[in-house]
2 protein chains.
Amino acid sequence: MKHIRTNLSDADTRREAIVEAALLAFADAGFQATPVTAVAVRAGISQAYVFKLFPTKEELFIAAVERCFTRIEETLEKSARTVSSGDADAILYAMGDGYASLIADRSILMIQVHAQSASDVPAIRATMRGGLKRIVTYVKQRTGASDEAVQRFIAFGQLCHLITTTDIDELGEDWARLVARGIRHVPAI
Amino acid sequence: MKHIRTNLSDADTRREAIVEAALLAFADAGFQATPVTAVAVRAGISQAYVFKLFPTKEELFIAAVERCFTRIEETLEKSARTVSSGDADAILYAMGDGYASLIADRSILMIQVHAQSASDVPAIRATMRGGLKRIVTYVKQRTGASDEAVQRFIAFGQLCHLITTTDIDELGEDWARLVARGIRHVPAI
DNA sequence: ATGGTGAGTGAGTGACTACTCACTAGTCAG
DNA sequence: CTGACTAGTGAGTAGTCACTCACTCACCAT
């Protein structure tokens, strides 16, 4: 199939589109189980061209993870701006809400879970560490909350991931309600 | 290579050994990235025989995950027995310590992370849900702690996983200390 | 002896997939 | 017009891996 377009998009635009496609594709089945072809199809280009812009699958995945963390930072920042007072707990709460709605579509969440699982690859582990560092330092500095509160924020974020990957929020059983209690939800679109 | 042994072990013993080998093998690189051959080598038998006892790789992985949850339950129960008082918080604390030493060798922890990542496979997701259910109901019933305390217990368990997969406990930086603060460690053997 | 049975394997096979490469086609400066 | 450049692809290749199958060997009951 030929792509007929009057004005060709340049490589940087393509890179953006590919990273976006990779975020969605890798979120489905993870680093190992997602063929690069799946990313290419989503981006509407050939697999060969994906490899021209991202020399290895690993680099592509890492770009997607990096993008994921950037998106989280943006969301936290936006959430923080909605709070007029400087109250640490109020800002932290708003950030929690913001994160909850960000991960409503699952891909941002799943990429993190997959990256954690693939963290035996040194570069992926390093990316995870870097992303976590960015988020923790940003939350601490921006909210001014106590170390304990920030730690708790991260811990319950992880709990959120567990709840979503196992689908226990759709379960209705007692133990499931216990685990998911108070976790804020925005229903998937 | 021939296995010369006077008394052949029966299939059930072999199954045990294979599950144990699978736990270690899959912990290294996860469900997708670990070839069944790796499990066979660890168990000291041929790959063909692994497939005779576990018809698919998926069933093998699930057996390993199940075994992981069983091990966790045993550990929690043993920890609970060390507490003479019936104080909920004391038992929960002991369980936390027990879990921390259980995951010191990483394989029990990594299997969970990998299973979470592979939870787009329905049977694996179901196994995760089942394991979580067993643990949550056991902890709640055995400690008699509040729902909030049990939820917190699970959340900080997940935080533990994040800390270990990203190696941030060996980092020494401020943000890393914040995240890992108070998480109990038993140094790896 | 003989034939059945359970434990175990060597040697495939077919499918998939990361990555490569030689190539086409549009665009534009001179 | 030409030649360099950029965007993009079709058709591979080499390697890996889940799973299969025909087989061997030890043991045992008759």
Side-chain angles (χ1 to χ4, degrees), chain A residues 1-22 25-26 28-65 114 117-118 120-124, chain B residues 1-22 25-26 28-65 114-115 118 120-124:
Chain A
M1 179 178 52
K2 291 244 161 74
H3 275 275
I4 298 160
R5 38 177 80 236
T6 47
N7 53 346
L8 293 172
S9 48
D10 63 6
D12 282 345
T13 311
R14 281 301 191 188
R15 285 184 66 97
E16 285 301 299
I18 292 171
V19 171
E20 219 57 53
F26 283 124
D28 277 350
F31 175 54
Q32 304 283 351
T34 307
V36 174
T37 306
V39 177
V41 167
R42 250 178 219 273
I45 60 177
S46 73
Q47 184 233 36
Y49 194 46
V50 174
F51 274 106
K52 193 157 278 181
L53 298 184
F54 294 89
T56 65
K57 186 185 179 182
E58 191 179 309
E59 286 175 67
L60 177 57
F61 183 72
I62 285 174
V65 175
H114 293 313
S117 167
D120 57 300
V121 179
I124 295 178
Chain B
M1 181 178 50
K2 290 239 160 81
H3 274 275
I4 298 162
R5 38 177 79 236
T6 48
N7 53 346
L8 293 173
S9 48
D10 63 6
D12 282 344
T13 312
R14 283 300 192 190
R15 282 184 69 96
E16 285 301 299
I18 292 170
V19 171
E20 218 58 52
F26 283 125
D28 277 351
F31 176 53
Q32 304 282 353
T34 305
V36 174
T37 305
V39 177
V41 167
R42 249 178 221 272
I45 59 178
S46 73
Q47 185 233 35
Y49 194 46
V50 174
F51 274 107
K52 193 156 278 182
L53 298 183
F54 295 88
T56 64
K57 186 186 179 181
E58 191 179 309
E59 288 174 66
L60 178 56
F61 183 72
I62 285 174
V65 175
H114 292 313
D120 57 299
V121 178
I124 295 177

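Letters A, B, ... mirror the listed sequences (proteins, then strands); counts begin at 1.
Whole-Å rounding puts the Lys57(B) NZ to dC16(C) C1' distance at 13 Å. Rounded to whole angstrom, the span from the CD atom of Gln47(A) across to the C1' atom of dA7(D) amounts to 17 Å. A straight line from CG of Asp10(B) to C1' of dG6(C) spans 10 Å, rounded to a whole angstrom. Rounded to whole Å, the distance from CZ on Phe54(B) to C1' on dG8(C) is 16 Å. In this structure, the CD atom of Glu58(B) is 13 Å from the P atom of dA18(D), given to the nearest Å. Atom pair Gln32(B):CD and dA15(C):P shows a separation of 19 Å (rounding to whole Å applied). Rounded to an integer number of Å, the gap from Ile18(A) CD1 to dT9(D) C1' is 13 Å. Per the geometry, CZ belonging to Arg15(A) stands 16 Å off C1' belonging to dG8(D), to the nearest Å.
In terms of phosphate contacts, Arg14(B) brings a side-chain nitrogen or oxygen within less than 4.0 Å of OP1 or OP2 of dG8(C).
No side-chain heavy atom of Asp28(A) sits less than 4.5 Å from a side-chain heavy atom of Asp120(B). Counting only heavy atoms from C-beta outward, the side chains of Phe31(A) and Lys57(A) approach each other to under 4.5 Å. Looking at Arg42(A) and Val39(A), their side chains never come closer than 4.5 Å, going by heavy atoms from C-beta outward. Contact check for Val19(B) versus Phe54(B): side-chain heavy atoms found under the 4.5 Å cut-off.
You'll find that the side chain of Pro35(B) is closest to dC17(D), out of dT20(D), dC17(D), dA7(C). In the set dA18(C), dT9(C), dT9(D), dT9(C) carries the atom at the smallest distance from any side-chain atom of Lys52(B). In the set dA22(D), dA7(C), dA18(C), dA18(C) carries the atom at the smallest distance from any side-chain atom of Val36(A). The side chain of Phe51(A) lies closest to dT20(C) when the candidates are dT20(C), dT9(D), dG8(C). For Ala11(B), taking side-chain heavy atoms from C-beta onward, the closest of the listed nucleotides dG8(C), dT9(D), dA7(C) is dA7(C).
We find the OG1-CZ distance between Thr34(B) and Phe61(B) to be 8.0 Å, quoted to the nearest 0.5 Å.
Mapping Thr37(A) and Ala48(B) onto DNA chain C by nearest heavy atom places Ala48(B) at the nucleotide closer to the 5' end. If you find the closest nucleotide of DNA chain D to Thr56(B) and to Asp12(A), the one lying nearer the 5' end belongs to Asp12(A).
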